[in-house]
Amino acid sequence: LGLVARAKGGIMSYLSHWKLNRSPFVLSGIQRGVFAGGTIEEAMARLEFLADQRKKFGVILGPSGVGKSTLLEYFSARRNAHVPREQVALVDMSCVNEENIAFRVAAALGLTCQGSSSACWTEVQDYLFSRTSIGHRTILLLDNFVELQDQVVSALSRLWCSKAHW
């Protein structure tokens, strides 16, 4: 960073001026691009509560551009990095329909489905069940959940109520 402060007889960096060892403005990994102010901290605490208490459902509401997607990305990265035996998958729900929703969920889980949507749902359910059976947990974060067709909501409900209690 090119920030400098004028000192008597010359120029010194803000690091030496403030007696810092490293720049407070350089963030690493999952912190990059997220200012963890009061609003983000409160939202993260609520998401952590939902996850830690194994709650089945939570909703984040807000106008466009306030950082809901960024919050979900931050939460996902933080949980995946720090919580063992847990997978947090972020699913982009924009422009989904009954034919592609299974493939979107599968891709978020790291699966590559071939064939029909029905076969893909079966693969997703089997994957979730297998993770549960070995003590692993999966959290699906659905982003851009604005205008969904009834068939998509129905398909998600079937997954939620399936044999896989993830």
Side-chain angles (χ1 to χ4, degrees), residues 20-97 100-114 117-148 152-166:
L20 299 174
N21 294 327
R22 62 181 174 79
S23 173
F25 306 111
V26 177
L27 301 175
S28 62
I30 60 175
Q31 295 176 326
R32 191 171 287 123
V34 177
F35 173 71
T39 304
I40 293 292
E41 287 178 6
E42 179 181 349
M44 284 297 293
R46 290 173 184 255
L47 286 170
E48 296 283 348
F49 173 81
L50 290 173
D52 292 342
Q53 298 298 312
R54 296 189 171 294
K55 300 296 182 185
K56 296 283 186 181
F57 193 75
V59 176
I60 298 172
L61 298 173
S64 179
V66 297
K68 299 177 299 294
S69 296
T70 302
L71 173 69
L72 291 177
E73 290 171 11
Y74 181 60
F75 175 76
S76 175
R78 193 161 113 179
R79 291 292 288 202
N80 283 330
H82 299 292
V83 181
R85 298 187 321 256
E86 182 175 274
Q87 177 186 14
V88 180
L90 182 57
V91 183
D92 184 1
M93 300 296 289
S94 58
C95 301
V96 296
N97 56 45
N100 70 6
I101 181 64
F103 297 97
R104 290 271 182 100
V105 172
L109 292 170
L111 305 174
T112 305
C113 291
Q114 303 296 323
S117 179
S118 174
C120 189
W121 274 127
T122 300
E123 192 172 333
V124 166
Q125 289 173 338
D126 289 347
Y127 173 78
L128 293 172
F129 182 74
S130 69
R131 285 185 53 79
T132 302
S133 68
I134 59 171
H136 290 209
R137 185 165 168 227
T138 305
I139 298 174
L140 290 179
L141 302 176
L142 308 177
D143 194 16
N144 297 312
F145 202 93
V146 179
E147 296 177 20
L148 295 180
V152 172
V153 174
S154 178
L156 288 170
S157 297
R158 284 193 305 273
L159 176 63
W160 190 13
C161 296
S162 71
K163 63 182 178 184
H165 298 286
W166 39 283

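Note: hydrogens, waters and symmetry copies are ignored here, and every other heavy atom, side chains too, is used.
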Visitor: So, does Arg46 use its side chain to make a donor-acceptor pair with the main chain of Ile60 at under 3.5 Å?
Guide: no

Visitor: Give me the atom names and distance for the closest heavy-atom approach of Ala155 to Ile101.
Guide: CB-CG2, 4.3 Å

Visitor: Can you name the closest pair of heavy atoms from Met93 and Val152 and give their distance?
Guide: CE-CG1, 4.2 Å

Visitor: State the CZ-CZ distance between Arg85 and Arg137, to the nearest 0.5 angstrom.
Guide: 11.0 Å

Visitor: Identify the heavy atoms of Glu123 and Thr112 that sit nearest to each other, and give their distance.
Guide: OE2-O, 3.8 Å

Visitor: For a 4.5 angstrom cut-off between non-hydrogen side-chain atoms, does Glu86 reach Arg79?
Guide: yes

Visitor: Under the side chain to side chain donor-acceptor pair (under 3.5 Å) rule, what pairs show up with a residue in residues 58-69, not counting sequence neighbours?
Guide: Ser69-Asp143

Visitor: Which heavy atom of Leu90 sits nearest a heavy atom of Ala108, and at what distance?
Guide: O-CB, 3.5 Å

Visitor: Verify, without hydrogens or angle tests, whether Arg104 (side chain) and Asn97 (backbone) share a donor-acceptor contact under 3.5 angstrom.
Guide: no

Visitor: CD/Gln87 to CG/Leu140 distance, rounded to the nearest 0.5 angstrom?
Guide: 8.5 Å

Visitor: Who passes side-chain hydrogen bond (donor to acceptor under 3.5 Å, both in side chains) against Ser130, sequence neighbours left out?
Guide: none

Visitor: Where do Leu142 and Leu156 land on the side-chain contact (heavy atoms from CB on, under 4.5 Å) test, with the steps shown first?
Guide: CA-CA 10 Å; Leu142 308 177; Leu156 288 170; 4.1 Å; yes

Visitor: Side chains of Asn144 and Val96: closer than 4.5 Å at any heavy-atom pair?
Guide: no

Visitor: Applying side-chain hydrogen bond (donor to acceptor under 3.5 Å, both in side chains), can you list everything that pairs with Thr122, at least two apart in sequence or on another chain?
Guide: none

Visitor: Test Ile40 against Thr70 for side-chain contact (heavy atoms from CB on, under 4.5 Å), laying out the working first.
Guide: CA-CA 10 Å; Ile40 293 292; Thr70 302; over 6 Å; no

Visitor: Ignoring hydrogens, what is the shortest heavy-atom contact between Ala106 and Cys113? Give both atom names and the distance.
Guide: CB-SG, 3.5 Å

Visitor: Can any side-chain N or O of Thr132 pair as donor or acceptor with the backbone N or O of Leu128 at less than 3.5 Å?
Guide: yes

Visitor: Please lay out, stage by stage, how Trp121 and Val105 fare under the test side-chain contact (heavy atoms from CB on, under 4.5 Å).
Guide: CA-CA 9 Å; Trp121 274 127; Val105 172; 4.2 Å; yes

Visitor: Side chains of Leu47 and Leu71, heavy atoms from C-beta outward: is any pair under 4.5 Å?
Guide: yes

Visitor: What pair of heavy atoms forms the shortest contact from Cys95 to Asn100, and how long is it?
Guide: O-ND2, 3.5 Å

